[in-house]
Amino acid sequence: MLRAAADVTATADLLVIGGDGLIGRALAAAARKRGLRVLTTSRRPGQGDIALDLGDPASWPALPLVGGAVITAAVARLAACQSDPASALAVNVTAPALLAARLRTAGAWCLYLSSDKVFDGQVPLRERDDPPCPRTEYGRQKALGEAAARRGGAAVLRLSKVLDPDLPMLREWRARLAAGEGITPFSDMVLAPVALSGVTALILKLAAGREPGVFHYTGARDLPYADLASSLARALGADPALVRPSATPPDVAAGILVPHSSLEMRREQALYGWSNPSFAEVADEIAAGLAKA
Ligand SMILES: NC(=O)c1ccc[n+]([C@@H]2O[C@H](COP(=O)([O-])OP(=O)(O)OC[C@H]3O[C@@H](n4cnc5c(N)ncnc54)[C@H](OP(=O)(O)O)[C@@H]3O)[C@@H](O)[C@H]2O)c1
């Protein structure tokens, strides 16, 4: 049930801003599983513990006292940022800046989720201190959001493509392969994926350490979506001939067909012993999840 501002008095270990999205939902579940007291926000009526529309700061309730907060709510689709940049900017940049400043003032550690798309994808394992050089409106907004959130005292976690067996594209691939139908993954679009389980585990580590600064979590190497599909088909015991690689349509490809999305992880290695997962490692984890689903 949604609570009005005056009713939100409970303290929590973790506030997940955007509890309905892919990462927010999984993060809240993983944190609760570890025994943390978690509050979530949502803009959807009847969902989450706190009503929060990032596009409308005037409507925000007072935030509860929390140990840490993770800003997962975002306009995360490239096309949505492109078609209505002003609305997306309010959510991706203005709101995180305000939230980070308020949360830090109240003593909370805060994390802003960002993307490899703050860079141009022209070099592998991009260095974290390289200046942002985005090619898309989404990437430009994430770079601005990072800067604004950091000014408010937040840490930043840049992610590459996050995979989970529940993603609609992967479920559709699985269903079609199981039915003996072909799938047409892109042969010219690459990813250096990470698994959602790893993303939530790293965020909880960062929160426990109240780490400042910029963090990376991406795969070690970029390979085409077609390679991912072939790995999954193999692991699921499907006929490999059902994977029919195709070129990305020109309207989708504009500005996004870049060779690299990987980012270096030396800091994460030094702090936690975490390094860039291999493509095969992530594909195997996803295949195992799909096989169980
Ligand atoms: N998933 C990835 O592969 C990936 C990769 C790199 C970086 N990231 C970053 O990680 C973060 C989370 O990504 P995700 O994949 O979990 O995104 P997602 O599944 O699209 O979830 C985003 C959430 O933001 C919420 N939201 C959008 N506009 C809002 C508003 N005005 N007020 C309140 N909530 C609003 C959406 O709410 P509704 O559900 O109500 O629409 C949605 O639940 C984003 O910052 C994204 O840029 C993700």
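Both ligands and their constituent atoms are indexed starting at 1 by order of listing. Values in this document were obtained by computation on a predicted structure and should not be read as measured data.
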- Message: To check you understand the geometry: which heavy-atom pair defines the closest contact between S261 and A192, and what is its length?
- Response: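 That would be OG-N, 3.4 Å.
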With a 4.0 Å cut-off on heavy atoms, is [X] touching ligand 1?
| X | answer |
| --- | --- |
| K142 | yes |
| S160 | yes |
| Y112 | no |
| G145 | no |

Should one rank [options] by closest heavy-atom distance to [atom], which comes out on top?
| atom | options | answer |
| --- | --- | --- |
| atom 36 (C) of ligand 1 | Q141, R77, R43, R158 | R43 |
| atom 2 (C) of ligand 1 | V162, V194, L52 | V162 |
| atom 1 (N) of ligand 1 | L196, L22, T72, L163 | L22 |
| atom 10 (O) of ligand 1 | D20, I23, D56, I71 | I23 |
| atom 9 (C) of ligand 1 | S115, G24, A74, S114 | S114 |

- Going by heavy atoms in the side chains, are Y272 and L202 under 4.5 Å from each other? yes
- Among protein heavy atoms, which lies nearest atom 39 (O) of ligand 1, and at what distance? R44 NH2, 2.5 Å
